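Proteins get letters first, then strands, A, B, ... in listed order; numbering begins at 1 in each. This one's a predicted model, so the numbers in the text were calculated from it and none came from an experiment.
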Amino acid sequence: MSQKFFNRPTLIVAKDLLGKFLVRRFPKNAYRRGQNKTRTGTDKFLTGMIMEVEAYIGPYDKASHASRGKTERTKVMFGKPGHWYVYLIYGMYYCLNIVTEKENYPAAILIRSVLVEGPASPKGGRALQRGVYGPGRVSKCFKIDKRFNEKPASIKTGLWIENGNIKINPRLIKRGKRIGVDYAGKWKNKLWRFYI
DNA sequence: CCTGGGATTTTCT
DNA sequence: GAAAATCCCAGGA
């Protein structure tokens with residue numbers, strides 16, 4: 001999706017992201033004898049349909065890291081739309097966010113769940129799809145860490161979002177309160193979580 | 001089904 | 001020094 005797609009009201013973008021595809025490219029480089037860095041392999045791709053997102057909007061949203069102002073950590077949320085904001089939570093899990101709205105307005109969308117192709121369990125099985133529920137699991141599954149922080153969503157960086165032209169029946173889109181933000185005062189009750 | 005606690009480190013006060 | 005946009009496992013009902 002273009003930067004323009006993300007330069008819109010965050011709640012609209014959040015809803016529009018449901019049914020879009022998160023795509024990760026794993027470059028396959030191989031080395032031939034006598035040559036350096038010759039590309040011989042084929043890139044691998046992993047895609048997942050986005051099933052659940054949460055919006056963090058503006059300088060006053062107490063649930064958003066940006067409510068503390070512009071810091072080394074949060075400056076990316078004040079930056080250009082269509083860039084990744086990746087942070088570590090509880091010392092163990094990375095959370096993947098895409099920055100939205102115009103520059104200098106802090107907002108981002110947390111990708112919480114995706115549906116990937118593949119067996120239901122690592123051992124096999126017949127399922128064609130597997131739900132990856134929870135931002136920590138999404139990052140683990142897509143091998144996302146802080147290297148993506150502040151990078152644009154693009155095939156060049158290896159992580160981007162594609163429009164698969166899946167039409168989501170609006171009746172299937174649900175909204176609710178955001179998870180894990182009980183400390184956020186009145187902001188905790190905002191229905192800024194969207195899921196299928 | 002539910003609840004509670006531990007892991008582990010960055011960030012800001 | 002405390003809290004954090006989480007996850008996993010154990011134990012009880």
- Message: For the CD1 atom of I144(A) and the CG atom of L159(A), what is their distance to the nearest 0.5 Å?
- Response: 4.5 Å
- Pairing string of DNA chain C (Watson-Crick or G-U wobble, both atom distances under 3.5 Å; | = paired to other strand) is ||||.|||||||.
- Item | Non-neighbouring partners of F78(A) that pass ring pair (Phe, Tyr, Trp, His ring centres under 6.0 Å), sequence neighbours left out | none
- Walk along DNA chain B from 5' to 3' and tell me the first and last nucleotide with an atom closer than 4.0 Å to a non-hydrogen atom of chain A. dA7(B) to dT13(B)
- Give a yes or no on whether a donor-acceptor pair under 3.5 Å exists between the nucleobase atoms of dA5(C), that is its base, and the side chain of Y87(A). yes
- Task: Output yes when at least one side-chain N/O atom of R193(A) is less than 4.0 Å from OP1 or OP2 of dA5(C), else no.
- Result: no
- Query: What is the distance from CZ of R137(A) to P of dA5(C), rounded to the nearest Å?
  - Reply: 19 Å
- Message: Taking OH in Y195(A) as the centre, count heavy atoms belonging to other residues, nucleotides or ligands within less than 6.0 Å. Is the count above 12?
- Response: yes
- Side-chain H-bond candidate by donor/acceptor type, S64(A) with S67(A), under 3.5 Å: no
- Message: My understanding is that only one of R68(A), K186(A), R178(A), K190(A) makes a salt bridge (charged side-chain N to carboxylate O under 4.0 Å, His left out) with D61(A); could you say which?
- Response: R178(A)
- Query: Taking atom C1' of dC8(C) as reference, at what distance in whole Å does atom CD1 of I89(A) sit?
  - Reply: 16 Å
- Query: Any salt bridge between E52(A) and R193(A), counting N to O under 4.0 Å?
  - Reply: yes
- Message: For a quick check of understanding: with a heavy-atom distance under 4.0 Å over all strands, which category does K62(A) fall into, base, sugar-phosphate or nothing?
- Response: nothing
- Message: Does the structure show Y56(A) stacking with dA5(C), if we require the centres to be closer than 5.5 Å and the planes to be within less than 30 degrees of parallel?
- Response: yes
- Is any side-chain N of the basic residue among R25(A) and D43(A) closer than 4.0 Å to the acidic one's carboxylate O? yes
- Task: Indicate, with a heavy-atom threshold strictly under 4.0 Å, whether R73(A) touches base, sugar-phosphate, or nothing.
- Result: sugar-phosphate
- Message: Quick one about Y56(A) and E54(A) (side-chain donor to acceptor, distance below 3.5 Å, no hydrogens or angles considered), yes or no?
- Response: yes
- What's the NE2-C1' distance between H65(A) and dA3(C), to the nearest Å? 10 Å
